[in-house]
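A, B, ... follow the sequence lines: proteins, then strands. Residue 1 opens every chain. In this text, all values refer to a predicted model and were calculated from it rather than measured experimentally. Heavy atoms only: backbone and side chains are in, while hydrogens, waters and symmetry mates are out.
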Protein chains: 2
Amino acid sequence: MIRTNKDFIVYIDTLRKKSRNQINEQVFEPKTTILKQDRRYNSVYLIRKGIAKCYITDENGKEFIQEFLGEGMEFGELEIFSNNLTICSVTSVSELEVYSFSHGTYRTLLEEDPIFNQLVMKALADKIRYKAPRHSYQHSYPIEDNILRLQRLFPELTEVLPKKDIANYIGVTIRSLNRALKELKLKQENSK
Amino acid sequence: MIRTNKDFIVYIDTLRKKSRNQINEQVFEPKTTILKQDRRYNSVYLIRKGIAKCYITDENGKEFIQEFLGEGMEFGELEIFSNNLTICSVTSVSELEVYSFSHGTYRTLLEEDPIFNQLVMKALADKIRYKAPRHSYQHSYPIEDNILRLQRLFPELTEVLPKKDIANYIGVTIRSLNRALKELKLKQENSK
DNA sequence: GGAATAAAAGGACATTTGTCCCAAGCTCTA
DNA sequence: TAGAGCTTGGGACAAATGTCCTTTTATTCC
């Protein structure tokens with residue numbers, strides 16, 4: 001659920017030693033919205049530390065969380081390849097340290113640095129791989145299973161995140177999430 | 001819903017004029033399964049003509065259709081970037097003409113042909129862009145809206161595809177799909 | 001510290017969707 | 001041509017989920 005890509009961080013760290021001025025560091029407070037949906041920006045970000053959520057808001061104001069981004073994950077990069085508006089908003093969950101690249105710098109790296117190119121390519125492919133089974137799973141299994149899966153994979157997250165975010169991630173209402181949680185608790189007590 | 005990428009086809013056509021032997025043409029009958037989930041292959045495919053469906057099957061045998069691939073769409077390419085098993089099965093819907101690349105050829109092109117590299121990069125980014133709003137939409141709107149959207153975008157498809165595929169694409173059971181279709185018909189008659 | 005605001009929890013009911021059937025129509029083939 | 005096996009369509013009921021509303025409990029901010 002929290003996605004990471006350590007290799008990317010490692011490589012950018014070494015890059016920065018060579019050309020410090022091209023890649024900036026930035027820190028965002030928790031709950032800062034860094035990108036808003038349907039806008040245009042001129043930076044690509046790479047997370048160095050912390051967690052961000054990437055989500056779509058529909059016309060009714062409902063949020064649907066696409067993924068939680070952790071160390072080494074990029075955002076704002078899709079707009080490099082096709083000249084479109086952002087599809088997601090990105091908001092920091094915890095304090096967030098990022099590297100930021102101007103579109104120009106990013107493009108130059110893509111063209112001139114084959115390792116960078118490869119890392120970006122792999123990152124894109126991983127995002128696709130990750131999304132496919134996720135939505136399929138959420139459709140096919142009841143809420144309870146989705147919660148259990150989440151708790152198993154990221155026990156720490158369920159304590160840090162507000163219920164609303166967990167619900168938005170699973171794609172259900174808070175009411176339904178609460179119901180499922182209650183029934184899980186009941187089951188666990190009965191099985192003692 | 002049927003995704004296409006004409007630019008890619010155009011470029012590969014010109015490539016083939018230069019080095020015909022590297023890129024093969026292949027034709028598949030309708031309903032041929034070209035890739036099976038959780039396997040390993042040594043080819044990447046690019047659709048020249050026809051439609052294929054790309055889907056995940058879960059443990060209960062339920063299919064969940066990820067996307068319908070049309071002209072210029074690739075499949076089997078994700079496994080180039082990370083050394084993993086396929087996540088989707090791919091089956092031809094209509095007769096399917098494809099170009100196929102061995103992993104070796106594909107890798108070489110990626111490394112040595114910057115235009116090819118860029119086209120692949122953009123294709124990956126587009127796949128991500130496409131998936132995000134789709135699943136969000138399907139969660140947020142009732143089945144009826146999803147059908148209407150589909151009929152509006154691809155009127156021809158709803159006539160070619162079996163109901164099962166349409167249901168699997170929207171992520172509901174056939175029963176629910178039929179119910180929604182019936183109610184739509186009723187509404188349309190009433191509004192006359 | 002106290003008011004205002006947001007988050008968490010859940011009752012009651014409505015709606016949606018799924019499950020399990022059955023039946024009609026079509027296609028393929030032995 | 002009879003029957004096996006799909007696909008389509010839908011009835012009846014069960015289960016899951018959403019909506020609306022209220023209450024309680026944290027959190028934030030003057």
If you look only at distance, which donor and acceptor atoms sit under 3.5 Å apart when one is on a side chain in residues 1-11 of chain A and the other is two or more places apart or in another chain?
residue, atom, partner, partner atom, Å
A:R3, NH1, A:E67, OE1, 3.4
A:Y11, OH, A:D113, OD1, 3.1
A:Y11, OH, A:D113, OD2, 2.6

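Contacts between residues 160-178 of chain B and DNA chain C, defined by a heavy-atom separation under 4.0 Å, are made by B:V172, B:T173, B:R175, B:S176.
The side chain of A:K182 contributes an N or O atom lying less than 4.0 Å from OP1 or OP2 of C:dG11.
Ring-centre distance between A:F116 and A:Y106: below the 6.0 Å cut-off. Aromatic ring centroids of B:F68 and B:Y169 lie under 6.0 Å apart. Checked against a 6.0 Å centroid threshold, the rings of B:H139 and A:H139 count as neighbours.
Between B:E144 atom CD and C:dT15 atom P the separation is 14 Å, expressed in whole Å. The CD atom of A:E63 sits 11 Å away from the P atom of C:dA7 (whole-angstrom rounding). Atom CZ of A:F64 and atom P of D:dG18 are 11 Å apart (whole Å). Rounded to whole angstrom, the span from the CG atom of A:D145 across to the P atom of C:dG18 amounts to 16 Å. Between the CD1 atom of A:I147 and the C1' atom of C:dA8 there is a distance of 14 Å, given to the nearest Å. Rounded to whole Å, atom C1' of D:dT17 lies 15 Å from atom CG of A:L181. Note: OH (A:Y141) to P (C:dG18) measures 15 Å, nearest angstrom.
When heavy atoms are screened at a 4.0 angstrom cut-off, A:I143 is found touching the sugar-phosphate backbone but no base atom.
A 6.0 Å sphere centred on CD of A:Q118 holds no more than 12 heavy atoms belonging to other residues, nucleotides or ligands.
For the residue pair B:Q37/B:T86, the side-chain donor-acceptor check at 3.5 Å is not satisfied. Looking only at atom types and distance, the side chain of A:S102 has a donor-acceptor partner in the side chain of A:T105 under 3.5 Å away.
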Short heteroatom pairs, N/O only, protein and nucleotides 23-29 of chain D, under 3.5 Å:
none

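Using a 4.0 Å cut-off between charged side-chain N and carboxylate O, B:R48 and B:E25 make a salt bridge.
Not a single donor-acceptor contact under 3.5 angstrom links the side-chain atoms of B:R179 to the base of D:dG9.
The nearest pair of heavy atoms linking B:I47 to B:A52 is CD1-CB, 4.1 Å.
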